[in-house]
Amino acid sequence: MTIKTIFSGFGGQGVLSMGFTLANAAMLEGKYVTYLPSYGVEVRGGTANCTVVVSDEEIASPVASEPEFIVAMNQPSFARFQSVLTSGGLICVNSSIVNTTSARGDIEILAVPTSELADKMGTIKVANMIMLGAFLKASNIVSFDFMLAHLQEILGEGKAKMIKLNQEALEAGYTFVKE
Amino acid sequence: MTIKTIFSGFGGQGVLSMGFTLANAAMLEGKYVTYLPSYGVEVRGGTANCTVVVSDEEIASPVASEPEFIVAMNQPSFARFQSVLTSGGLICVNSSIVNTTSARGDIEILAVPTSELADKMGTIKVANMIMLGAFLKASNIVSFDFMLAHLQEILGEGKAKMIKLNQEALEAGYTFVKE
Amino acid sequence: MSGNAALGEAAVLAGCTCYFGYPITPQNELTEYMAKRVPEAGGIFIQSESEIAAINMVLGASVAGARAMTSSSSPGMSLKQEGISYLAADELPAVVVNMVRGGPGMGNISPAQSDYLQATRGGGHGDYRTIVLAPGSVQELADIVPLAFDLAEAYRNPVIILGDGMLGQMMEPVSFDNIKPPKEYPKDYILTGARGRPSRMVRSLLFDTKEEEEHNWKLFRKYQRMEQNEVRYEKYLVDDAEMIVVAYGIGARIVKGAIKRLRQENLKIGMIRPITLWPFPAKIIRETANRVTDFFVFEMSTGQMIEDVRLALEGKGHIHFYGRPGGVIPTPIELSRVISRHYYQQSHRGKK
Amino acid sequence: MSGNAALGEAAVLAGCTCYFGYPITPQNELTEYMAKRVPEAGGIFIQSESEIAAINMVLGASVAGARAMTSSSSPGMSLKQEGISYLAADELPAVVVNMVRGGPGMGNISPAQSDYLQATRGGGHGDYRTIVLAPGSVQELADIVPLAFDLAEAYRNPVIILGDGMLGQMMEPVSFDNIKPPKEYPKDYILTGARGRPSRMVRSLLFDTKEEEEHNWKLFRKYQRMEQNEVRYEKYLVDDAEMIVVAYGIGARIVKGAIKRLRQENLKIGMIRPITLWPFPAKIIRETANRVTDFFVFEMSTGQMIEDVRLALEGKGHIHFYGRPGGVIPTPIELSRVISRHYYQQSHRGKK
Amino acid sequence: MKQVYARPKSLKPAHFHYCPGCGHGIIGRLIVEVIDEMDLREKAICVAPAGCGMLVYNYFDIDTLESAHGRGAAVATGIKRVRPENLVFSYQGDGDLAAIGTAEGFHAANRGEPITIIFVNNGVYGMTGGQMAPTTLSEQVTTTTPSGRNAATAGHPVRICEVFAVLDGTTYLERVAVNKPAAIIKAKKTIAKAFRNQLKGNGFSLVEILSPCPTNWKMSPIDSCRWIDDVMAKQFPLGVIKDVP
Amino acid sequence: MKQVYARPKSLKPAHFHYCPGCGHGIIGRLIVEVIDEMDLREKAICVAPAGCGMLVYNYFDIDTLESAHGRGAAVATGIKRVRPENLVFSYQGDGDLAAIGTAEGFHAANRGEPITIIFVNNGVYGMTGGQMAPTTLSEQVTTTTPSGRNAATAGHPVRICEVFAVLDGTTYLERVAVNKPAAIIKAKKTIAKAFRNQLKGNGFSLVEILSPCPTNWKMSPIDSCRWIDDVMAKQFPLGVIKDVP
Amino acid sequence: MKGSIRIDQERCKGCSLCMEFCPKKAIFLSDTLNVKGYFVVSFDEGRECTGCATCAVMCPEVAIEVFRN
Amino acid sequence: MKGSIRIDQERCKGCSLCMEFCPKKAIFLSDTLNVKGYFVVSFDEGRECTGCATCAVMCPEVAIEVFRN
Ligand SMILES: Cc1ncc(C[n+]2csc(CCOP(=O)(O)OP(=O)(O)O)c2C)c(N)n1
Ligand SMILES: Cc1ncc(C[n+]2csc(CCOP(=O)(O)OP(=O)(O)O)c2C)c(N)n1
Ligand code: SF4
Ligand code: SF4
Ligand code: SF4
Ligand code: SF4
Ligand code: SF4
Ligand code: SF4
Ligand SMILES: [Mg+2]
Ligand SMILES: [Mg+2]
């Protein structure tokens, strides 16, 4: 099984670290993983996206043609990436600032008002982790409990202080998604 | 007829301007000419040489393999170039500082004590023109009278003041060589 | 681990004690990794004032006997060409990394393969060559770095690692278990101060043209030895293939994905992936042409390696080409479609 | 007149109003000629602080609408590669002269032909090409300079003139009668201040990879047009020849001397002399191979153009090679001996 | 009500790509305001750098050229020599001018080329992600000085104005900042003065502008503005460094 | 009779290639004398330039490397970082250091690399045939300034010591000359002091030496020596420019 | 003197510099997210504004226009 | 104090600097040409030499050795 996910949004939205976190977790779980950030512009303020491929076998290409999952944190990303989503795929959308109407009938859309949820937690900075939590619930690419338990290891020492906040954010997103 | 001459000596001996003067004169006379200076070192004080080819037809190569004439103003040049001289060729040597004994029996050697002759004229700087005068007498590549008459034109404006001195030097060399 | 980090880590483990670099996307993560890691390991890190300074610091460190490295991306590589020519002329080892980006000019920062000719033909002046290594995965990158240092020292010549932003930024699991501490290479040319031995000079200025010519032929013979001994490539499903794709680096990796798909549809496609771009695996390609008539060259450029394939084939066979320059990364699906189209054209042609 | 002076004079007569250069032997006489001549003609001369500054001043002058030129020799050319890549990417005309010297590294200052690959394959980064002109006499140099400026403007691309110290220092009679004042080329891209028109921008940064790709293909098509329309070469005694020498520049001139000798001995040797090294006259060589089996490549290098001859021949015929790198200038006699040896080997082979 | 502040005429409609609170946005606006007020839109030619300021051609509605990293002064020299009647200025960051472009800036200044350099000193390489610049302060943390810039191995903060002041070709050098309203108004006057200096044919002028880079300084925009006064300006004193009328 | 002056031990037997009266010969001798007197032959590593001084490796009997034109300071940096215990000095002309190598010299100085640059200022490009150098005087005739250097188009004479003095990494900068016996003795002391400065680990040192180039100045050796005092030293004042112990 | 300002909220990046330096504190950070994803500032109509244009002087996005009687 | 010097005439390039600066004028330009083609200087044995080594200090060719009692 090879599962491809594209995380996308604005430069400052923590899109890359979402993908990075997922990739690290999957690697710890012993999977084959590629993580490929692809910032569109050398400069600040552009759009950013990254592709995470998780697989049980060696991965041929880190590029996701026909990804199974997409996370779109802003409008341009939603517009751009929903069209490449594989039929039957799932797109998680930051509904706080994205109009989620899509022309495609063959895909599933999960609307998460991440900005509002983050605001409730007191800082917009955790919006990405909220989305990641929601995404994990819906995709089940890595075990949510595993990620929670190993978050320190996954994020690296630097982020030690933030672990607790991030765990809460992940959980907020996870529980936002109904079974 | 294609005649090749190599002028050689130390960097400061005016070797290049000897060749340059000859080439310009020949060009004025309407011949095909190539003039090729080939300083061996980018730096000062090395050896210098130049090749002048004068011909009635287009010249294939400005490089003189088997030159007909050689002018050697110092010992290393004499040693190096006498060996490439074509059989029956003539080598003009600055005998003031060159030991002119040669192993080859098939070439002609013209010894000109240029430094002494120049000294007599009051300046070592005209040694090269003295040698050129001698060389013209021996080689007859361009008409000596033509060169004398057009020296101003040949040397260019810059040298205007030196014309007279140079003419005298040419003549000193020319007359030094006995018929 | 990211390709950039793997590269840096492998270098340090392979005994690289000096890194000199100037920021440029998409290889900044490598410079930043080295900024932290090299001093930790007791080595020297300088963010130089330019790419030119960097390559010349490398030259200095190399002549002083250290394993030294620099890295850059396309425009910065152009600036290093004089220095690389000097390294080759002086016969000094060094590893130079180019994470190629879209060009020419400022271009962009996306992965590209358009510096192939610069790397393989010597963008610098004079008759010289550099071994050019093109890894295709993070693990291979980690494996190739110590090899690069060894080749550089064994031949006393600069070695170029040609990657791209994709390889640098991609994260994959990687092991460094294969990396051993560097062998002892003879260091009878380095400058240490003339203690207990005659003084040495390292130079490439040879005013005497005969000497310079001899030096050129000496280098030439060295390059011939490299051509004989250092060709590296990977064969992928070549044995039964009816069409061979030639691609390298990250491009080859995408091709692999495409071939996997095509094999499922029973299209007999294989691949030869040059790992050394110079010396180029011409022989294996030429030999394969005894059996296979169609070669499909894929490059993330308008076509540069294709020249080497043409040189290898010497008129044999039929060459197809697909290029995506400018930093565009095609998908395996796209490639599989293009390849299959050419494949069917080919069978069609065969039937005529 | 010396080659250097002829080059400079022809440039001025062809409307070159800007010269920027940095001293390097063996092209100093050109810089010095321009130092005097260009200001006299009302133009701009700057001895820049480096070769890099020079090429970027050229870029500035070019974008401002002037005919601009710079010149250098091998190590200095390596330093200009980034700038040349930018000129190509920005589609700006410019003429860049390289009086090649012995290399790599510091090398020496004697004539050489070892920057062929750098010039024809783009020593700079990215997918770009430059027309490369290789004159073989002072008169041809004078004729080629206006052509270079015209081609540069017609295609909006840098054009390289590849000479060497021998050509630069050689004095031959020369006429400038053929030089006409430059044509008016459309200048709808230059920067003059946005007076009475929308503002313009000139750039090569294209973050959007699709845009950059399109730009690359656009350039590629331009290079294809050059390949179709701008191939130039000289045929010398080719019609009855049994062996064809391929040589360029001053090397070809020495070959001519050798052939003259060999023809006297009734050896049927001819020559194809590429005048444009890029685009390379591949077609004529390939066509000639229908009749002639033996090609003798002579280069003052360890062998660079030979790749183009191999590409042209596509496996046809037999290639002989003779190289004199490092600034050595062989004599016509020497070359005639070498060529005749190969010629007899060839007839011998023919008889087998 | 009458409009007392409107978007300058010579600013294109495009949104800036800069990070929130970035000084480049302020500086770009000031330049365009001066161009409009001095009626230079049809005269001005801008040379854009590699750096966060590289996209100014998307914002300035004047003729603009992108230069290779660090070569702005050489390119501007080429343009100005051909078109002396134009206003030619180069917009350069501290990496661009004070590192890779040291020689080009230095010698254009020494030749007294009548061009103007708008020198954006934000103490880091903004565009490439916050590496050390020659102007990075001692002990300042950047991505390539993870434990702070160590002067002994990584060098001291370079004061370009003070260096260029030694060169005889420079006629007007001033350091300003864009971290508070008064400073910004001063910066604008300085840019205008530098342009006038050029139009008078009075040699080389350079305006060094201390400019916040909140992203790479890892500070809020407001803290960044304060940091300029509290810390940065101590190393880079504001004011006229050289003014030869 | 005892010998009071002998050829220095660390001078190879080769004859110099310099023109008659060239300062390079004097300077080379002084360096080697200092090396011998300070017993540094086994410690010293010299970086040779492109320029008339390029063949010093044929003369100095110490480890020597040729560098690309202008890159001496970067190369010396690489060597010195790897071998801090060695004496590393770069020998550079005014074209080499003050033109093409501006950035490398400037930043090595700013980093305070503990290297020494012996900077031979002869006001021209000697090796390539007498073109203008950045240090050429105003109105001085060279092959590229045929009617005299015009400061307005070709720039002003660059005073490297004064420029480098602005940089915090420099600790010892002095300008001397080799045009008469007293000056030469002084020059030797200065070189020795610069070397000692390096051995103490005390940052970057540079000795600028006004040096006759009779060939390209088109003067006799003696007139050249006089010209240094009468004209050149007016533009390039001799003495200590910076000395931070 | 009475003034007012118009903020182009699509340009605003919420850097707060205008707010910080407004002598009348007539600008506040709203909870509106713009398309770029920034919480933008708003003009507080209820506050006195002098039309001094300090906010516009500070704004790095040229997002503010200022009007005055 | 009595001194004397030895000039390596093959190294000498006749620049005259030693001559010019010798306080005793004990060096003169000879009419001997060396192999390099320069008229070289000679030590005037007849003149007083102090062995001050000024000549050696000036000599760009390191052609002079100095001796003293
Ligand atoms: C030859 C070359 N080297 C490196 C780069 C990468 N690069 C782009 S911008 C930049 C530095 C930006 O810093 P600065 O000049 O301070 O501008 P800022 O972004 O801080 O405004 C670098 C290193 C390049 N484009 N070209
Ligand atoms: C990249 C490069 N550009 C140019 C040259 C040619 N070149 C050699 S030495 C030199 C300048 C010499 O002048 P200077 O540094 O003043 O030394 P001097 O000969 O006067 O002592 C130049 C331009 C070169 N070798 N390499
Ligand atoms: S990185 Fe810094 S300089 Fe660049 S746009 Fe962001 S804040 Fe401005
Ligand atoms: S050219 Fe000048 S610097 Fe060079 S060796 Fe001759 S006198 Fe000395
Ligand atoms: S114009 Fe002045 S008072 Fe009004 S909002 Fe702006 S800063 Fe505040
Ligand atoms: S200064 Fe401009 S960008 Fe910043 S908050 Fe105010 S309006 Fe928005
Ligand atoms: S040692 Fe003194 S006195 Fe004797 S020759 Fe030399 S300079 Fe003259
Ligand atoms: S100083 Fe030396 S080279 Fe000059 S004349 Fe005297 S001995 Fe000869
Ligand atoms: Mg910056
Ligand atoms: Mg000099």
Side-chain angles (χ1 to χ4, degrees), chain D residues 2 4-5 8 18-57 61 70-81 99 101-109 165 168-169, chain F residues 47-57 64-72 75 93-106 124-136 140-158 160 163 216:
Chain D
S2 78
N4 281 316
C18 294
Y19 174 92
F20 308 103
Y22 188 78
I24 186 167
T25 313
Q27 58 81 61
N28 292 316
E29 295 81 354
L30 173 57
T31 308
E32 291 163 10
Y33 190 89
M34 297 310 252
K36 203 162 180 298
R37 186 68 175 90
V38 176
E40 265 172 28
I44 295 146
F45 168 90
I46 300 181
Q47 181 185 321
S48 57
E49 59 272 26
S50 71
E51 290 87 353
I52 292 180
I55 191 77
N56 282 288
M57 288 175 186
T70 182
S71 63
S72 190
S73 178
S74 307
M77 274 305 277
S78 292
L79 292 170
K80 287 186 202 284
Q81 294 304 324
M99 291 299 191
R101 64 190 226 181
M106 192 76 82
N108 59 35
I109 55 170
Q169 267 139 24
Chain F
V47 179
C52 283
M54 77 197 308
L55 295 182
V56 290
Y57 46 69
T64 306
L65 164 81
E66 152 213 290
S67 97
H69 187 34
R71 316 307 173 194
V75 171
D94 41 3
D96 199 73
L97 178 68
I100 191 168
T102 306
E104 286 77 12
F106 185 96
V124 287
Y125 285 36
M127 182 181 217
T128 44
Q131 295 85 357
M132 177 187 81
T135 51
T136 296
Q140 190 177 337
V141 172
T142 70
T143 54
T144 47
T145 54
S147 34
R149 183 181 194 176
N150 177 354
T153 55
H156 303 262
V158 170
I160 280 292
V163 170
N216 288 305

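Here is how names work: the chains are called A, B, and so on, in the same order as the sequence lines, proteins then strands, and each is numbered from 1. Quick caveat: nothing in here was measured; it's all calculated off a predicted structure.
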Interchain contact, [X] with chain D, by part (heavy-atom threshold 4.5 Å):
{"X": "F:Pro134", "answer": "neither"}
{"X": "F:Ala50", "answer": "both"}
{"X": "F:Ser67", "answer": "backbone"}

Would you call D:Glu29 and F:Thr143 a side-chain contact if the rule is heavy atoms closer than 4.5 Å?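 No, side chains not in contact.
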Do the side chains of F:Gln131 and D:Thr31 get nearer than 4.5 Å, heavy atoms only?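 No, side chains not in contact.
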Straight-line distance of F:Ser147 OG to D:Lys36 NZ, nearest 0.5 Å: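 F:Ser147 atom OG to D:Lys36 atom NZ measures 8.5 Å (nearest 0.5 Å).
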Measure the spacing between CE of F:Met127 and CD1 of D:Ile109 and express it to the nearest 0.5 Å.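 So the CE of F:Met127 and the CD1 of D:Ile109 are separated by 7.5 Å.
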Taking all non-hydrogen atoms of both residues into account, name the closest pair between F:Thr128 and D:Ile24 and its distance.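 For F:Thr128 and D:Ile24, the tightest heavy-atom pair comes out as CG2-CA, 4.3 Å.
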Tabulate, in ascending numerical order, the residues of residues 39-48 of chain D having at least one heavy atom closer than 4.5 Å to a heavy atom of chain F, or enter 'none'.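 Near chain F, by residue number: D:Phe45, D:Gln47.
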Return the orientation label for the D:Tyr22 and F:Tyr125 ring planes: parallel under 30°, perpendicular over 60°, tilted otherwise.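 Ring orientation, 0 to 90° scale: perpendicular.
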